[in-house]
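All values below come from the heavy atoms of this structure, side chains included, with hydrogens, waters and symmetry mates left out.
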Amino acid sequence: MPRNPAWTRDELILALDLFFRVDPIRVSSDSLEIREVSAILNELPIHMERPDSARFRNPNGVHMKLSNFLRFDPAYAGKGLTRGGHLEEDVWNEFSADRPALAATAQAIRDNRGSISVQQVAAQTTGDEEEFSEGLLLEAIHKRRERSPSAVHRKKESVLTQNGSLECEACGFDFEAVYGDLGRGYAECHHTKPLSELSRSTKTRLGDLAIVCANCHRMIHRSRPMLTISELGEVVTTEIIDF
């Protein structure tokens with residue numbers, strides 16, 4: 001039989017959220033909670049191909065994934081199912097100690113699953129940097145909002161009118177000051193709203209965007225959990241002082 005794609009971070013977040021909402025030892029594969037998560041997993045715009053669609057993220061598979069997580073639970077005396085992947089351990093380590101963040105992220109994934117197509121997710125997440133800890137779906141929506149030409153243009157015009165320059169809000173770098181005419185009007189925009197708070201109905205406001213240089217933007221996206229502009233500014237200041 002052809003094999004379906006490996007579980008993604010998005011899917012594992014939903015499974016781990018379920019793990020803490022039910023009794024993973026006593027819950028059955030035909031329970032309402034497991035069937036609901038199975039249906040949501042089948043609606044996620046993540047996988048282009050599902051070779052074995054009849055078994056793709058079916059209730060049995062969801063139930064088995066809960067057993068995979070059991071092997072990391074210090075409160076469980078048994079071994080759980082050990083044939084899992086490293087990504088399961090990563091998701092457990094990142095979210096198991098912060099249940100509110102896990103619940104909020106899982107809810108954001110559920111809320112946004114119908115707001116973007118699988119093609120759009122693939123286009124926004126090119127694999128040129130580390131995947132966001134919140135998964136591909138929220139990463140794609142985040143990037144789509146901070147790459148919106150109209151929103152970015154309005155943000156830059158607003159900042160230029162107010163400040164006369166486009167300095168990075170984290171480190172203060174100004175492309176025009178360094179590169180002259182070549183750097184005039186150049187900067188990137190970072191969407192500051194936490195990924196766990198993204199809503200399909202919320203429009204991007206100018207206050208949700210921050211002017212950043214390319215280096216700081218990449219460092220923000222690389223951090224886990226994602227640093228705020230002020231937090232990255234403190235990192236930059238500390239490193240300069242230490243240097």
Inset, instruction - Give the intermediate values and the outcome of ring pair (Phe, Tyr, Trp, His ring centres under 6.0 Å) for residues W92 and F20. - result: CA-CA 11 Å; W92 176 274; F20 288 117; 5.6 Å; yes
Inset, instruction - Take I211 and K155 through the test side chain to side chain contact (heavy atoms under 4.5 Å, CB included) and record every step on the way to the result. - result: CA-CA 8 Å; I211 298 296; K155 177 65 177 182; 4.0 Å; yes
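Between the side chain of R35 and the main chain of D30, a donor-acceptor pair closer than 3.5 Å is present. The main-chain N or O of S115 is never found under 3.5 Å from a side-chain atom of N112 such that the two would form a donor-acceptor pair. Under a 3.5 Å cut-off, the side chain of K156 and the backbone N or O of A187 do form a donor-acceptor pair.
For the pair L87/E11, no side-chain contact is recorded, criterion being any heavy-atom separation below 4.5 Å from C-beta on. Residues V62 and N58 are not in side-chain contact: their nearest non-hydrogen atoms beyond the backbone lie 4.5 Å or more apart. The shortest distance between side-chain heavy atoms of L44 and L137 falls below 4.5 Å.
E94 and R9 are joined by a salt bridge, as a carboxylate oxygen and a charged side-chain nitrogen come within less than 4.0 angstrom of each other. Looking at K65 and E88, a side-chain N of the basic residue comes within less than 4.0 Å of a carboxylate O on the acidic one, giving a salt bridge.
Taking the six-membered ring where tryptophan is involved, the planes of F175 and Y179 are essentially parallel, since the angle between them stays under 30° and well short of 60°. The aromatic rings of H221 and F132 sit perpendicular to each other, their planes meeting at more than 60°, with 30° as the lower class boundary.
By the criterion of side-chain heavy atoms lying less than 4.5 angstrom apart, applied directly or through intervening Ile, Leu, Val, Met, Phe, Trp or Tyr residues, V121 is grouped together with L198 in one hydrophobic cluster.
The two residues F95 and T105 come nearest to each other via the heavy atoms CE2-OG1, 3.8 Å. Scanning both residues, L206 and S158, for their nearest heavy atoms gives CD1-CB, 4.2 Å.
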